[in-house]
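Since the structure comes first, as structure tokens, the remarks are kept for the end.
Along the sequence shown, residues are numbered consecutively beginning with 1.
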Amino acid sequence: MRPTELLSPAGDFETALAAFDAGADAVYCGLPDFSARAFAKNLSLDDLRNLVRFAHAKGRKVYVTFNTLVDEADVASAVEALSRLEEIGPDALIVQDLGVARICRRHFPGLKLHASTQLVAHNLEGVMALKELGFTRVVLARELSLAEIASISKRCGGLELECFIHGALCYSISGLCLFGAMEKGRSGNRGKCPYCCRMAYGGPSRPYIFSMKDLRLGEDVRKLVDAGVVSLKIEGRMKSALYVAAVTKFYRQILQSGHDGDPTTLNFKLSTLNSSRRVTLADLETIFSRRTTELYFDGKGKDSPIDPESLGHLGAPIGTVKRVTKDREGRRWLRFHTARALEVHDGLQFDTMAEGRHLGLGIREMRPAISRTPVFEVSAGTDVEIELPEDFPIREGENVYCSMSNAVKRMFPAPGFRPSDYPGTKKLDVSVTIGPEAISAATAVSGITVEASVRGTFAAAKNPEKTYSAVEKAFSKLGETDYVLGSLNLVDTNRLFAPMGVLNDLRRELVKNIDDSREKARLAKVDAAIGDGETPAAADLPRLRTVKVRLGQKVPAGEWDEVVVAVNPDADAASLSVSAFEKMPRLAVPVYTAEPDFGKLRVFVKRLHREGFEKWEASDLATLKMLKAAGIADITADWTLYAFNSHALAAISELGVRRFVASPENTRENLQYLAESGYDVEFLAQQATPLFISLTEPAGTTVDGLAIFRRDGLWVTTRPLARTFDVPGGSSSRIDLSWDPM
């Protein structure tokens, strides 16, 4: 049984150190570009290099999020970044764009690939499709139940699975949210989500109809371990180092207590952590706490995962307002019985809200209710009075929450780091030859062999038995380079004396030659990768006019080269037959098919294929794999397969797709590239673009300016009126009516 990995977020270098100090086996972090958290501080390449050295020296791992979609104009920058990452050597890249995955496989094979949750792997077929593309781990969709996860784990052939266990949730299925891109010009698929699901759409009492509670599995993470999940993932690259450290330690405690004495399930003992005090759930809530949910972990959800009433941090409940009084000086005092020790400068919040946020204050002055003498701290179980600002609104009976605890902050002092304490990660096996007229050295790294030499006149050594240790000392001084000395072979036939200054010069020359050779090789890889989009041979592509509808939806009048019909086995299995159509349509499978329902979809497709339906449209990698396995050759890809660049087009084309539908979130410039790419691409001319596609029912469905409805087991949010798009001249176009509200 493989050890279970606790994986923590790191929005910056300091947070990564805090996560490791609190018990993380691995961290995931991003660079300033190509990361799904563009507004996190993120890490520079130098930060990442230092972090990898630190982690590897301690037996930990670092994963880099390279999980955004890449426009063609950004391919060169992406390739440059990938080449730098391969040089640094993180343990894996977390990837969404299939073009990026293809570039890595073909040109940067040193980068191990993990499939981002943005790739919407929600059934075994999708997981196996990603395995066939070279991914060694898949981050499963958050919406899966424990039973679905266990089923996939048993049948995925040893592929590593990663699951989220704690943190913020998106309302939309990850990867299928277009609200930010279409409404705010900030795409979640490009790491610039404007958090549209946190905005107010409902009435005064329940305004946040799409706002999700936070995921918190707590003790149930042990069930994921038993199900064979390799990595337990905490969300939060936008969160503070304190938050990450506290949550990490909280789950490390759970894993430790659940598997005491079993070395196969833990990577290190809790006793190695920085503080002996245990982190409680209340401690976590003082740092950051929305209301929480286990989402669909139990298969159905015990209650709604939506919190329509409040946003953001609440705190740990510690008491109820007894009364508010005013003293002789006119100062106002809040009295309550505190269940938690408090000190001056701690933070409090209350039920009263303004614009979705709970009102709060920092403790400026505090006193026990019985003595009324100001104190710095009070213990749990004390009746306490807190000075209130003059106009602070508060009512008797309101709940009081501790929203910031200095005692908790002191549990996690900032860990220190000195780069010189951590050697490079590339081992140099060096051979040194001392001759009468020159001393030379040779080594090989990453398949590159280099040499260096220093000329001079070298006489016999007075103490030849010390020569080896002198050479070893000189070549161990690799400082903050990428290298660490491995084996050392000394050829000193004539037993000559090698001055330390000469040996140091030789080491510097050798390192310079290694760096120069590696840089030359890196640039050659970059050039090869950029030119490897494999544009198809020139061909006269047909200019098609297609329309996509749901089964039973009226096809608009006009000359259509092809009609695409969206079908679903639950609704359409009985009524769908070849005889129902004058002209054979292309059938489009659903955008989301849960693991228990995928077998039904497979039977449905095979039956219709036998009856003569030969043209199909895939919605994701799972359905593409399934259609190919059914013997179907004529397959197109809907926009949900996201082909934004030449490498993504090539990757999906190599899987058997003959035509693509461009995503509605393309920029004008990228649409023009797609039109000139040589691939057969259709461009949307009209569509009621789905802004949210979700498994979760919102807290309200009547919103001015939005259409919210249930279709094929999903909750869909669009605008009531369809959008129109500019189609590049001379290109195929599509009218997509399949997402229309009516």
Side-chain angles (χ1 to χ4, degrees), residues 33-34 68-79 96-100 102-103 118 175-192 530 533-536 538-548 560-562 564 588 591 617-620 636-653 657-691 718-719 721-739:
D33 298 316
F34 308 112
T68 60
L69 299 173
V70 179
D71 285 348
E72 184 66 17
D74 296 323
V75 166
S77 296
V79 168
Q96 176 185 13
D97 193 297
L98 295 178
V100 169
R102 182 178 184 270
I103 291 169
Q118 297 290 110
L176 295 179
C177 177
L178 297 186
F179 210 129
M182 305 308 297
E183 298 286 323
K184 305 293 183 182
R186 285 173 45 183
S187 168
N189 283 315
R190 314 302 176 87
K192 298 180 179 180
I530 290 173
E534 294 193 2
T535 301
D540 291 330
L541 297 173
R543 183 180 178 184
L544 303 178
R545 292 184 70 245
T546 68
V547 61
K548 184 175 182 179
W560 303 106
D561 297 295
E562 185 170 86
V564 183
V591 72
E617 184 159 279
S619 60
D620 59 7
T636 60
D638 204 358
W639 60 268
T640 48
L641 262 161
Y642 292 132
F644 279 80
N645 57 69
S646 53
H647 298 270
L649 288 163
I652 301 172
S653 179
V657 169
R658 56 175 293 178
R659 191 165 76 240
F660 304 81
V661 180
S663 169
E665 68 169 301
N666 268 289
T667 63
R668 183 182 297 273
E669 293 77 15
N670 209 59
L671 287 173
Q672 192 59 45
Y673 157 72
L674 293 173
E676 299 170 359
S677 67
Y679 288 91
D680 195 353
V681 181
E682 287 182 37
F683 298 88
L684 292 169
Q686 177 183 318
Q687 183 193 51
T689 303
L691 305 175
T718 72
R719 291 295 181 187
L721 298 178
R723 299 169 188 266
T724 58
F725 302 87
D726 292 332
V727 175
S731 301
S732 297
S733 62
R734 171 176 289 199
I735 304 293
D736 183 359
L737 306 178
S738 65
W739 295 103

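Here the side chain of Thr640 pairs a donor or acceptor atom with the backbone of Ser619 at under 3.5 angstrom. Although no hydrogens or angles enter the test, the distance criterion places a donor-acceptor pair under 3.5 Å between the side chain of Tyr673 and the main chain of Ser646. Judged purely by atom type and a 3.5 angstrom limit, Ser732 uses its side chain to pair as donor or acceptor with the backbone of Pro542.
Annotation: side chain of Thr689 is in contact with side chain of Phe725 (closest heavy-atom distance under 4.5 Å). Counting only heavy atoms from C-beta outward, the side chains of Phe644 and Arg190 approach each other to under 4.5 Å. Inter-residue side-chain proximity for Asp33 and Ser77 is flagged as unmet; no heavy-atom pair is nearer than 4.5 Å. Contact check for Val591 versus Trp739: side-chain heavy atoms found under the 4.5 Å cut-off. When side chains are defined from C-beta on, Glu562 does not count as touching Leu544, because their heavy atoms never get closer than 4.5 Å. Contact annotation: the side chain of Leu674 never approaches that of Glu72 to less than 4.5 Å [non-hydrogen atoms, C-beta and beyond]. Arg658 is not listed as a side-chain neighbour of Asp680, based on a closest heavy-atom distance of 4.5 Å or more. Considering only heavy atoms from C-beta on, Leu541 stays 4.5 Å or farther from Arg659 through its side chain.
The two residues Leu671 and Ala662 come nearest to each other via the heavy atoms CD2-CB, 4.1 Å. Of all heavy-atom pairs between Glu617 and Lys548, the closest is OE2-NZ, 3.5 Å. Taking all atoms of both residues into account, the shortest heavy-atom contact from Phe660 to Leu649 is CZ-O, 3.5 Å. Nearest heavy-atom pair, Arg734 versus Asp638, reported as atom, atom and distance to 0.1 Å: NH1-OD1, 3.9 Å. Heavy atoms only, all atoms of each residue included: Leu178 and Pro664 are closest at CD1-CG, 3.7 Å. Contact between Tyr642 and Ala648 at its shortest, heavy atoms only, is O-CB, 4.4 Å.
None of Asp71, Asn670, Asp97 except one satisfies the side-chain hydrogen bond (donor to acceptor under 3.5 Å, both in side chains) rule with Asn645; the exception is Asp97.
Between Gln118 atom CD and Asn189 atom CG the span is 5.5 Å, to the nearest 0.5 Å. Remark: Gln672 CD to Phe683 CZ distance equals 8.0 Å, nearest 0.5 Å. Between the CD1 atom of Ile735 and the OG1 atom of Thr546 there is a distance of 8.5 Å, given to the nearest 0.5 Å. Put simply, CG on Leu737 and CD on Gln687 are 9.5 Å apart, with the number rounded to the nearest 0.5 Å. Rounding to the nearest 0.5 angstrom, the gap separating the CG atom in Leu691 from the CZ atom in Arg719 is 6.5 Å. Rounded to the nearest 0.5 Å, atoms CG (Leu69) and CZ (Phe34) are 11.5 Å apart.
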Before giving the answer on side chain to side chain contact (heavy atoms under 4.5 Å, CB included), spell out for Thr636 and Val661 the whole-Å C-alpha distance, their side-chain angles and the decisive distance to 0.1 Å.
CA-CA 8 Å; Thr636 60; Val661 180; 5.9 Å; no
Walk me through it: do Ser733 and Arg545 pass the test side chain to side chain contact (heavy atoms under 4.5 Å, CB included)?
CA-CA 5 Å; Ser733 62; Arg545 292 184 70 245; 4.1 Å; yes
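Between Lys184 and Glu665, no side-chain nitrogen of the basic residue sits less than 4.0 Å from a carboxylate oxygen of the acidic one, so the salt-bridge criterion is not met.
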